[in-house]
**Q** 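Here it is, the structure, as structure tokens.
Since this is a predicted model, take the numbers as computed values, not measurements.
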Amino acid sequence: MVKVSTFVYNGKVYLVADIPDVITGSESRLLIGSHSLNIALYDDEKGYLDSTAEAIDEQIYAYLDDQYFSLGDNDFLSKVKELLD
């Protein structure tokens with residue numbers, strides 16, 4: 001259901017979750033990134049830190065606080081629906 005994996009950016013490891021599309025209910029899947037990954041990729045004043053950061057960000061549907069990645073599948077999906085729907 002929820003497949004948690006990692007992205008490595010600038011030598012640091014960040015959590016991402018591949019989930020069913022609970023927003024539209026389509027058969028596609030969504031990639032949810034951790035907030036710490038978002039901070040590493042994008043600076044509000046400078047923009048993307050490099051082209052790799054931009055390429056990673058383009059794959060991510062949305063970002064959630066890192067604490068939610070420790071939730072079980074159903075709780076994680078409920079949190080995604082609550083925060084993004």
Side-chain angles (χ1 to χ4, degrees):
M1 197 181 226
V2 175
K3 300 174 188 173
V4 176
S5 61
T6 58
F7 273 9
V8 177
Y9 176 70
N10 279 346
K12 293 186 181 178
V13 178
Y14 300 95
L15 293 174
V16 295
D18 180 325
I19 66 169
D21 185 345
V22 294
I23 305 301
T24 67
S26 75
E27 294 295 317
S28 63
R29 297 186 63 86
L30 305 173
L31 197 58
I32 305 297
S34 58
H35 180 67
S36 58
L37 175 60
N38 188 32
I39 291 170
L41 299 176
Y42 190 82
D43 180 279
D44 287 337
E45 294 178 15
K46 299 176 186 173
Y48 290 109
L49 301 181
D50 55 33
S51 60
T52 301
E54 186 172 6
I56 291 170
D57 184 59
E58 288 175 355
Q59 298 175 58
I60 307 291
Y61 179 79
Y63 295 93
L64 293 183
D65 286 338
D66 293 40
Q67 67 188 6
Y68 299 133
F69 285 80
S70 63
L71 297 173
D73 286 3
N74 290 333
D75 290 336
F76 186 83
L77 294 174
S78 292
K79 188 55 74 173
V80 168
K81 283 192 252 184
E82 173 189 329
L83 296 172
L84 302 179
D85 195 17

**Q** L84: what forms a side chain to side chain contact (heavy atoms under 4.5 Å, CB included) with it, not counting sequence neighbours?
**A** I23, I32, Y61, A62, V80

**Q** Working to the nearest 0.5 angstrom, can you tell me the gap between L31 CG and E58 CD?
**A** 13.0 Å

**Q** Please round to the nearest 0.5 Å and tell me the distance separating atom NZ of K79 and atom CG of L71.
**A** 7.5 Å

**Q** Determine which pairs satisfy side-chain hydrogen bond (donor to acceptor under 3.5 Å, both in side chains) with at least one residue from residues 65-74, sequence neighbours left out, and list them in order.
**A**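 side-chain hydrogen bond (donor to acceptor under 3.5 Å, both in side chains) check on residues 65-74 returns S36-D66.
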
**Q** Under a single-linkage definition using a 4.5 Å side-chain heavy-atom cutoff for Ile, Leu, Val, Met, Phe, Trp and Tyr, are I39 and L49 assigned to the same hydrophobic cluster?
**A** no

**Q** Side-chain atoms of residues 5-17: list all donor-acceptor pairs with protein atoms under 3.5 Å, sequence neighbours left out, distances to 0.1 Å.
**A**
from	atom 1	to	atom 2	distance (Å)
Y9	OH	D50	OD1	3.1
Y9	OH	D50	OD2	3.0

**Q** Taking side chain to side chain contact (heavy atoms under 4.5 Å, CB included) as the test, write out the residues that go with K3, two or more places apart.
**A**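 Expected list: D18, R29.
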
**Q** Starting at CG of N38, measure out to CG of L64 and round the result to the nearest 0.5 Å.
**A** 10.5 Å

**Q** Is it true that Y42 and D57 share a donor-acceptor pair across their side chains at a distance under 3.5 Å?
**A** no

**Q** Quick one: list whatever passes side chain to side chain contact (heavy atoms under 4.5 Å, CB included) with S26, sequence neighbours left out.
**A**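 Residues passing side chain to side chain contact (heavy atoms under 4.5 Å, CB included) with S26: D21, T24, S28.
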
**Q** Not counting sequence neighbours, which residues clear ring-ring contact (aromatic ring centres under 6.0 Å, His included) with F76? List them please.
**A** F69

